[in-house]
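Shown next, in structure tokens, is the structure this report addresses.
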Amino acid sequence: MEGVGPPYSAKAFANTLLNWADDLGVPVTPLKLQKLLFFIHADYLCRFGDPLISEEFEAWNYGPVVPSVYAQFKEFSRQPITKRAVTFSPITRLSAVLVAHLDGPVSDRVRPLFNLYIHVDAGLLSALSHSAGGPWERAFQQFEDHRNINRVISNELILSTHNQASA
């Protein structure tokens, strides 16, 4: 269970996006989910100044990735995701589905971003995430130059890239 208000765990927020996509009848693959997470998080961060999810993205070969979300849904490969991310309590030995409870104002800000991206093809979202001078390219280049061994695409990098593009 997640609290109300960002930042949310990436897996809980991913479940929210998957639920919304199901409501629309739009299948979501692991690749598309990663891109939805990235673009919605980046847009929210740049517009409102606060991170939407608590984990950082990493610059993997195929674009920005949240490793915990990748690990949770990798079994689906190129197929639509049909399960939800869970958490396990070693104390109770029970698993529970994670849910990000978006309060009214946050939902009012996030839902239009989701609506903007949900119907965009995963391949196009992936291509957009690789844009020249974008956060993924800069973080990946830093990794290749041995200046970012963890491949992190920090919120600061997302903001600075956005600010340069807006200038």
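FYI, the numbering just counts along the sequence from 1.
Counting side-chain heavy-atom gaps under 4.5 Å among Ile, Leu, Val, Met, Phe, Trp and Tyr, Ile91 is found in no cluster with other residues.
A continuous path of Ile, Leu, Val, Met, Phe, Trp and Tyr side chains, each step under 4.5 Å between heavy atoms, connects Leu128 with Leu113, placing both in one hydrophobic cluster. Residues Leu159 and Leu157 are members of one and the same hydrophobic cluster, defined by side-chain heavy-atom contacts under 4.5 angstrom among Ile, Leu, Val, Met, Phe, Trp and Tyr. Under a hydrophobic-cluster definition in which Ile, Leu, Val, Met, Phe, Trp and Tyr are linked whenever side-chain heavy atoms come within less than 4.5 Å, directly or via other members, Tyr70 and Tyr8 are assigned to different clusters.
Using modelled atom types, no side-chain atom of Asn150 and backbone atom of Val152 make a donor-acceptor pair closer than 3.5 Å. Not one N or O on the side chain of Ser107 forms a donor-acceptor pair closer than 3.5 Å with the backbone of Asp103.
The shortest heavy-atom contact between Pro51 and Pro6 is O-CB, 3.5 Å. Between Thr161 and Gly133, the closest heavy-atom pair is CG2-O, 3.2 Å. Taking all atoms of both residues into account, the shortest heavy-atom contact from His119 to Leu24 is NE2-CD1, 4.4 Å. Nearest heavy-atom pair, Ser126 versus Ser129, reported as atom, atom and distance to 0.1 Å: O-OG, 2.7 Å.
Here salt bridge (Lys or Arg N to Asp or Glu O under 4.0 Å) pairs that include residues 54-64, with residues two or more places apart or in two chains, number zero. Pairs engaging residues 60-75 under the salt bridge (Lys or Arg N to Asp or Glu O under 4.0 Å) rule: Glu75-Lys83 [sequence neighbours left out]. Pairs passing the side chain to side chain donor-acceptor pair (under 3.5 Å) check and including a residue from residues 88-100, sequence neighbours excluded, read Ser89-Thr92. Residue pairs meeting the ring pair (Phe, Tyr, Trp, His ring centres under 6.0 Å) criterion with at least one partner in residues 125-151, sequence neighbours excluded, are His130-Trp136, Trp136-Phe140.
Partners of Phe76 under the ring-ring contact (aromatic ring centres under 6.0 Å, His included) rule, at least two apart in sequence or in another chain, do not exist in this structure. Residues satisfying the side chain to side chain donor-acceptor pair (under 3.5 Å) criterion with Gln142, sequence neighbours excluded, are absent altogether. Gln79 meets the side chain to side chain donor-acceptor pair (under 3.5 Å) test with no other residue; sequence neighbours excluded. Listed by chain and residue number, Asp145 satisfy the salt bridge (charged side-chain N to carboxylate O under 4.0 Å, His left out) test with Arg147 (two or more places apart in sequence, or in another chain). For Asp50, there are no salt bridge (charged side-chain N to carboxylate O under 4.0 Å, His left out) partners two or more places apart in sequence or in a different chain.
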Enumerate donor-acceptor pairs with a distance under 3.5 Å from any side-chain N or O in residues 12-22 to protein atoms, sequence neighbours excluded.
residue : atom : partner : partner atom : Å
Asn15   : OD1  : Ala85   : N            : 2.7
Asn15   : ND2  : Ala85   : O            : 2.9
Asn15   : ND2  : Leu98   : O            : 2.6
Thr16   : OG1  : Ala12   : O            : 3.4
Thr16   : OG1  : Ala100  : O            : 3.3
Asn19   : OD1  : Arg84   : NE           : 2.8
Asn19   : OD1  : Arg84   : NH2          : 3.4
Asn19   : ND2  : Asn15   : O            : 3.4
Asp22   : OD2  : Arg84   : NH2          : 2.4

Give the table of side-chain donor-acceptor pairs shorter than 3.5 Å for residues 26-46, with sequence neighbours excluded, one pair per line with atom names and distance.
residue : atom : partner : partner atom : Å
Thr29   : OG1  : Lys32   : N            : 3.2
Lys32   : NZ   : Ile118  : O            : 2.4
Lys32   : NZ   : Val120  : O            : 2.8
Gln34   : OE1  : Val66   : N            : 2.8
Gln34   : NE2  : Val66   : O            : 3.3
Lys35   : NZ   : Tyr62   : O            : 3.1
Lys35   : NZ   : Pro64   : O            : 3.4
His41   : ND1  : Leu52   : N            : 3.3
His41   : ND1  : Ile53   : N            : 3.3
His41   : NE2  : Asn155  : OD1          : 2.8
Asp43   : OD2  : Tyr117  : OH           : 2.6

Checklist line | side-chain contact (heavy atoms from CB on, under 4.5 Å) between Asn148 and Arg138, intermediate numbers included | finding: CA-CA 10 Å; Asn148 183 4; Arg138 289 177 58 192; over 6 Å; no
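You'll find the side chain of Arg151 reaches within 4.5 Å of the side chain of Asn61, heavy atoms only.
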